[in-house]
Amino acid sequence: MELNEIAKKMCAKGKGILAADESTGTIAKRFKSINVENIEANRLTFRQTLFNSSGMKDYIGGVILFDETIRQKTTIGLSVPELISKNGAIPGIKVDKGAKPLAGSSEETVTEGLDGLRDRLKEYYKLGARFTKWRAVYKIGDSFPSSQSIKSNAHALARYAALVQESKMVPIVEPEVLMDGSHDIKKCYDVTTNVLNECYNELNLHKIDLKGTVLKPNMIIPGSDCKDQSSPEEIAGKTLDCLKKNVPSEVPGIAFLSGGQSEIESSRNLNEINKINDTNFLITFSYGRGLQASALKEFGKNQNNVENIQKAFNHRAKMNGLSSKGKWSINLEKDSAA
Ligand code: 5MM
């Protein structure tokens, strides 16, 4: 498949991406919150239950995996990537090695993982991956993000994307401006503008074929401790405006991260954005917590209750699938859950 075709399939109308690429440390936090032991068998059970649910076929275009997961064999005989493909989605892999302290600006981070990446990509392709993900993280503060952080992270994202396209896979470019802090929505808009601008400068410099990429940005949202919270309409208007001004029109798909929004908030905001989407971008979700929080709770209640875990996941997948078409409503939330 051509890169552009893969990107469009990942973000096809009515579908989005399941971000199940929590590293061992992050999944440890998630499992701790539900009192489940963080061992390989439990991580496989939870993820296999999601990947084998009926919601996959209708609402999920791609699944982002962690290194451990892409190598696992499910208890039904298939490898994890085989199970995902069988259920109609494209397997993908997180290839960054995490956000590490940025020398010279120790309160900020730069994402590492370029060394040896070309060889790792060859292996992931053989294991079945057809797209990849790399996440850069930007914190908002009085003097953050610095231009040092914006430039170094954009440079790394572009070098990553070039290696990935060379390996015939689609790079998801994820510059995440964090929600943490008391900044207002305008500050988020301005910072995201600068971050996106620098990312596309570097992607162009590194000759990335933008038609074969997917952008995974944050929404334009006030900080989680900001006193003036915004309406979904304002969030949608500012988010779409920021994307129109800063994302080149060749980019086929934009799949948001949920970033700490609740499940309902992330569905509602995505829906509002799609209601006013007058661009050619396929605008959808690439949620981790936004898709998995309820299913994780069910898993905590009883790890063997496949039906309840899948029911919770199918519901969120369906709601976000509707949001990707601007067809979600709070009433459907209640009806479908019932
Ligand atoms: C699923 O979490 C991803 C991996 O995080 P770590 O490397 O810290 O373990 C993360 O990159 C995720 O893909 C995005 O942030 C989207 O997830 P949310 O929960 O923000 O929708």
Side-chain angles (χ1 to χ4, degrees), residues 10-11 16-34 38 43 46-47 50-51 59-70 80 89-101 109-113 129 131-139 153 156-157 160 170-180 188 192 195 214-221 223-224 235 239 253-270 273 283-297 299 313 316-317 319-320 323-324:
M10 287 158 64
C11 301
I17 299 166
L18 165 60
D21 58 314
E22 297 86 355
S23 51
T24 312
T26 302
I27 198 79
K29 280 191 230 153
R30 308 276 186 264
F31 277 8
K32 195 164 178 225
S33 72
I34 52 162
N38 186 25
R43 295 193 287 270
F46 179 60
R47 287 167 168 156
L50 302 188
F51 305 158
Y59 310 115
I60 303 295
V63 180
I64 317 173
L65 300 169
F66 181 58
D67 181 79
E68 172 187 273
T69 327
I70 200 170
V80 166
I90 304 176
I93 179 82
K94 183 235 296 292
V95 301
D96 68 64
K97 296 224 160 164
K100 302 285 156 61
T109 59
V110 64
T111 301
E112 295 189 350
F131 73 91
T132 65
K133 192 200 86 172
W134 178 289
R135 171 173 171 254
V137 186
Y138 311 85
K139 184 160 83 174
N153 275 299
L157 271 168
Y160 141 81
V170 167
I172 294 186
V173 172
E174 181 181 7
E176 175 174 9
V177 177
L178 295 173
M179 268 170 73
D180 308 346
C188 177
T192 305
V195 163
V214 169
L215 174 68
K216 175 164 174 167
N218 50 283
M219 293 179 192
I220 305 299
I221 239 167
S224 42
I235 290 169
T239 302
I254 298 180
F256 290 105
L257 56 95
S258 58
Q261 299 178 61
S262 71
E263 289 178 325
I264 303 274
E265 272 171 336
S266 50
S267 295
R268 177 184 279 130
N269 289 333
L270 177 62
I273 295 167
I283 299 189
T284 188
F285 56 92
S286 174
Y287 294 164
R289 289 161 287 180
L291 270 174
Q292 298 180 65
S294 295
L296 194 70
K297 249 188 221 156
F299 187 66
F313 175 72
R316 285 279 33 100
M319 291 300 102
N320 287 307
S323 295
S324 78

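Note that the coordinates shown come from a computational prediction; the quantities given were computed from them, not determined experimentally. Every number for a ligand or one of its atoms is a count from 1 in the order of the listing.
Nearest protein heavy-atom neighbour of atom 1 (C) of ligand 1: Asp21 OD1, 3.3 Å. Scanning the protein for heavy atoms near atom 8 (O) of ligand 1, the closest one is Thr26 OG1, 3.1 Å. If you check which protein heavy atom lies closest to atom 15 (O) of ligand 1, you get Glu174 OE2, 3.3 Å. Protein heavy atom nearest atom 16 (C) of ligand 1, with residue, atom name and distance: Lys216 NZ, 3.4 Å.
Residue Glu176 approaches ligand 1 through these ligand atoms, each under 4.0 Å from one of its heavy atoms: 15 (O). Interface atoms of ligand 1 facing Tyr287, defined by a heavy-atom separation under 4.0 Å, are 21 (O). Within the listing of ligand 1, atoms 1 (C), 13 (O) sit less than 4.0 angstrom from a heavy atom of Ala19. Remark: ligand 1 atoms within the under-4.0 Å shell around heavy atoms of Leu257 are 16 (C), 21 (O).
Considering backbone and side-chain atoms alike, Ser258 places an N or O below 3.5 Å from some N or O of ligand 1. Taking only nitrogen or oxygen atoms, main chain and side chain alike, Ser23 reaches within less than 3.5 Å of ligand 1. At under 3.5 Å, a nitrogen or oxygen of Gly288, whether backbone or side chain, sits near a nitrogen or oxygen of ligand 1. Remark: ligand 1 and Gly259 share an N or O pair separated by less than 3.5 Å (distance only, no angle test). Backbone and side-chain nitrogen or oxygen atoms of Arg30 are examined, and none is located within less than 3.5 angstrom of a nitrogen or oxygen of ligand 1.
Counting heavy atoms from C-beta on, the side chains of Thr284 and Ile17 never come closer than 4.5 Å. In this structure the side chain of Arg289 reaches within 4.5 angstrom of the side chain of Arg30, judged on heavy atoms. With a 4.5 Å cut-off on side-chain heavy atoms, Tyr160 and Thr111 do not count as touching. With a 4.5 Å cut-off on side-chain heavy atoms, Phe46 and Ile34 do not count as touching. No side-chain heavy atom of Asn218 sits under 4.5 Å from any side-chain heavy atom of Ile221.
No donor-acceptor pair under 3.5 Å is formed between the side chain of Asn38 and the backbone N or O of Lys32.
When all heavy atoms are compared, the tightest approach of Met10 to Val170 is SD-CG1, 4.2 Å.
When Lys94, Lys133, Glu22 are checked for heavy-atom proximity to atom 10 (C) of ligand 1, Lys133 turns out nearest.
Within 6.0 Å of NZ in Lys100 there are more than 12 heavy atoms belonging to other residues, nucleotides or ligands.
Using a cut-off of 4.0 Å between Lys/Arg side-chain N and Asp/Glu carboxylate O, Glu174 and Lys94 are scored as not salt-bridged.
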